[in-house]
Amino acid sequence: MLGTLRSIVQEVNSARDLQEALGIIVSRVQAAMNTEVCSVYLLDPVSNRYILMATEGLHKKAVGKVSLAHSEGLVGLVGSREEPINLEDAPSHPRYRYFPETGEERFRSFLGVPIIHHRRVLGVLVVQQRESSRNFDEGEEAFLVTVSAQLAGVIAHSEATGAISGMSLTGEEARDVSFNGVPGAPGVAIGTGVVVYPPADLDAVPEKAAEDPEAELAAFREAVSAVQEDIQRVSERLSDQLRPEEQALFDVYLRMLGDNALPGEVANRIQGEGLWAQGALKQVVNQYVRHFEMMDDHYLRERAVDIRDLGRRILSHLQEGDTRELDYPENTVLVSEELTPAMLGEVPRGRLVGLVSVRGSSNSHVAILARAMGVPTVMGLVDIPVNQLDGKELVVDGFEGQIFASPSAELRNFYQEICDEEDELFRGLEALRDKPCVTTDGHRVSLLVNTGLMTDVVRSLSHGAEGIGLYRTEVPFMIKERFPSEQEQREYYREQLEAFAPNPVTMRTLDIGGDKALSYFPISEENPFLGWRGIRISLDHPEIFLVQVRAMLKASEGFNNLQIMLPMISNISEVEESLHLIYRVYHEVREEGYEIHMPRVGVMIEVPAAVYQVRELAERVDFLSVGSNDLTQYLLAVDRNNPRVAQLYHSYHPAVLQALVRIAQDAHAVGKPVTICGELAGDPGGALLLMAMGYDALSMNAASLPKVKSVIRSISREWAVQLLEDVLLLDSPHVIKSCVDLALRSAGFARYLRPGRGAVPVTSFESSQ
Ligand code: PEP
Ligand code: MG
């Protein structure tokens, strides 16, 4: 059975569109189960009805015509119960519905299983049999459930492809279908999709027509000869180390690159179908790969790997020779399978209005960067067919975490109004720049910023920040191709210190590992967030840590506003070892003649163990700062980057709030100040609760600062403490969030919450949750 299952999945995976995929499913399942009928009904999000989409055994003309209301018939029953229904005599069941168009009265046995993707019922897969004596057995039921579970993702992806082109399941026009992911950075953007893809990744190549087929063909031929030469060279280099039969593998490679093989077919597609070379190559390679993967012979199946490798090599040469600059329109919405900070950097200044990423979640570092830059972002759109978004008009709703392709005029106007309101709100908040952040009853809180790039500093100053609460030093490390030298680091650090002097600048020592990779220092681990991260790497590599601290200390000369912060502390000994190294560098640098002061040193509380040792930690350092992003991830055991579990990542979770209260109390009990620098501090509701808990300073991205300041200045501490006391009695994160939102609304801050879509009709296409 496993072999059959694998080949069905492979065939379906390679289908061109939804209809072809469904056709393959019904015919292959019918054959595998040796049954008379196999049909797929999909739930159309537009009409909310189950539509017969493909069948083997019922009348084909019923396809697309027969449909059932959401809870009608046996199909509706399977969908609403979300479990298989197996009946020996279906017509005698009270929920049986008869459709003469299908010719179904002849069939008695019925087995239906729901097709469910990320909790959403997409449809129902049904097999039927004429004789009532056939009772589908447990094994058959398990097989159908397995097929359905494996195919749900493919069906969701194909459905989304149709919806992007503005088509409902029945082929009718369906505008304003929303694709739901996870909010990455708040705000709304309207612009043109530009798909960026990592180099030499065939799957990521978009399909498009050739502008000049002759030039495409010439470029392709050149790339093929370059690969032939590469292979020839490798083969010669290894000739004295390989046996003749191994050497023959290279001849196979070279034969595959002969004119009659793969290159011939690619050339035909460029000339015949007018495709661009990269797209034609992708199609042909995928076709070969599919062909090989379906072979029974193990040796031949393995050849799929060679084809893929050849494809990547040709693509890499094609992309090298592709000197066409990506055209970034005025309002660029950057779209990618996985956005990287470098991709953002390539868009010319002032043209980037929105970001869309298939991978990642609201706490991925690219989302944090987007929030710092104030670019509306949606992450974790896992089923969206990225390539289809190139050149399309897109609406990015970073409040709700959803996007729309080719919006109707009505929807565009609705979102344009939100953009205009946001601009107006920010202009109004500019007046608060030089005003202190103090409640109506005189309680003062410092508002600091999180930075990483120099652009953050510029924005922060114009938003009235009182210092830097978190400078992520790994950001300048991430955009280099080697570790920056002490001198280079000194220059980065001095820029930040100088811009804010005499206000404090808190520099966190290198926090790599987890999801923050340096291309020149790769770390490969099964479980990176529980692995070699932050201070653990610094202490294992004192040569990196010492250079960094030395650069920080030297950069601080003359400003005396440096604070050093240690990330990912989970043991007292890590603090002691770090302090020892910092003191050592401090004395050395002074001996070299630098007029510096010993910086204040603090630790981050972002691991549950540290929550229970706040007092012991605080006694050894000058301040504490809570990293609520990691603390939430570790307390709730929810990967901050994984869109599948994003709905479980909740900073308003009672356990997180209790931990935050405890940290503030314990730090103050030993007389040490405590700051928070996770994203919760930049959320107006979160900021109110944190202020009520007694946090001395809130550090956030620059874009959030004016809103937080305006909320805090308008309420009394007493009011916020009451709100905190109320929510601490609640046990559900969602109820707590609603309660805080309600309080904000009643205090007149409805505008700071995510705007609702009100009367504009849209169809929701859940893509990830
Ligand atoms: C945090 O974990 O809350 C934090 C501020 O650090 P980072 O997001 O860089 O891990
Ligand atoms: Mg962290």
Side-chain angles (χ1 to χ4, degrees), residues 184-185 341 360-373 377 379 447-453 456 460 467-479 505-518 523 528-538 563-570 574 602-611 623-642 646 649-653 656-657 659-660 663-664 674-683 686-687 690 695 697-702 704-705:
S361 185
S362 62
N363 280 291
S364 305
H365 283 92
V366 76
I368 291 177
L369 207 63
R371 284 196 285 276
M373 292 163 70
T377 300
M379 307 285 294
L447 295 191
L448 310 172
V449 275
N450 297 346
T451 62
L453 301 168
D456 302 334
S460 322
I468 296 182
L470 166 64
Y471 169 49
R472 291 185 166 95
T473 58
E474 56 280 1
V475 175
F477 277 64
M478 280 157 89
I479 53 183
V505 170
T506 312
M507 300 204 168
R508 176 172 73 184
T509 60
L510 202 58
D511 185 21
I512 50 172
D515 66 332
K516 285 178 280 192
L518 299 180
I523 303 170
F529 276 112
L530 299 184
W532 208 38
R533 250 201 98 174
I535 199 68
R536 301 170 184 180
I537 298 182
S538 293
Q563 309 200 121
I564 295 181
M565 185 157 80
L566 308 169
M568 278 293 293
I569 294 291
S570 59
E574 290 164 340
V603 298
M604 289 193 73
I605 306 293
E606 47 184 353
V607 172
V611 176
F623 66 94
L624 301 178
S625 184
V626 179
S628 56
N629 306 337
D630 276 315
L631 187 59
T632 306
Q633 136 164 293
Y634 292 123
L635 274 178
L636 305 183
V638 176
D639 179 345
R640 62 194 266 183
N641 287 309
N642 185 345
Y649 184 99
H650 224 302
S651 301
Y652 284 93
H653 192 292
V656 177
L657 296 184
L660 291 170
I663 296 167
V674 61
T675 302
I676 178 153
C677 57
E679 295 298 304
L680 184 62
D683 170 70
L690 293 163
Y695 281 83
L698 310 177
S699 190
M700 63 201 73
N701 62 68
S704 306
L705 201 139

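Worth saying up front: this structure is predicted, and the values here are computed from it rather than measured. When a ligand or atom number is given, it counts from 1 through the structure's own listing order.
- Here Lys516 has side-chain heavy atoms under 4.0 Å from ligand 1, and that is the only part of it that gets that close.
- Between Ser699 and Asn450, the side chains place a donor N or O and an acceptor N or O closer than 3.5 Å (distance only, hydrogens not considered).
- Residue Met568 places every heavy atom at 4.0 Å or more from ligand 1.
- By the side-chain hydrogen bond (donor to acceptor under 3.5 Å, both in side chains) test, Tyr695 pairs with no residue at all, sequence neighbours left out.
- With Ile676 as reference, Val626 is the one residue of Ile663, Leu624, Val626, Leu470 to meet the side-chain contact (heavy atoms from CB on, under 4.5 Å) rule.
- For the ligand labelled ligand 1, residue Gln633 lies outside the 4.0 Å heavy-atom shell.
- At a heavy-atom distance under 4.0 Å, only side-chain atoms of Arg472, from C-beta outward, approach ligand 1.
- With a heavy-atom cut-off of 4.0 Å, Arg640 touches ligand 1 through its side chain alone.
- At least one N/O/S atom of Glu606, from backbone or side chain, sits under 2.8 Å from the Mg ion (ligand 2).
- We find that Arg533 and Asp511 are joined by a salt bridge, their nearest charged nitrogen and carboxylate oxygen being less than 4.0 Å apart.
- For ligand 1, the atoms lying closer than 4.0 Å to a non-hydrogen atom of Cys677 are 5 (C).
- Glu606 contributes no side-chain N or O that, together with a main-chain N or O of Asp630, makes up a donor-acceptor pair within less than 3.5 Å.
- Restricting Asp630 to its N/O/S atoms, the shortest distance to the Mg ion (ligand 2) is reached by OD2.
- Near Leu470, meaning under 4.0 Å from any of its heavy atoms, are these atoms of ligand 1: 5 (C).
- Proximity of a side-chain donor or acceptor of Asp515 to a complementary backbone N or O of Asn641 within less than 3.5 Å is not detected.
- Atoms of ligand 1 found under 4.0 Å from any heavy atom of Arg533 (numbered from 1 in listed order, with element): 10 (O).
- At a 4.0 Å heavy-atom cut-off, ligand 1 does not touch Leu631 at all.
- Contact annotation: for Arg508 versus ligand 1, heavy atoms closer than 4.0 Å belong to the side chain alone.
- Proximity to Gly678 (heavy-atom distance under 4.0 Å) selects the following atoms of ligand 1: 3 (O).
- The backbone N or O of Arg640 sits less than 3.5 Å from a side-chain atom of Gln633, completing a donor-acceptor pair.
- The nearest pair of heavy atoms linking Thr509 to Pro567 is OG1-CD, 3.2 Å.
- Judged as a side chain to side chain contact (heavy atoms under 4.5 Å, CB included), and not counting sequence neighbours, the contacts of Ser651 are Thr632, Tyr649, Leu680.
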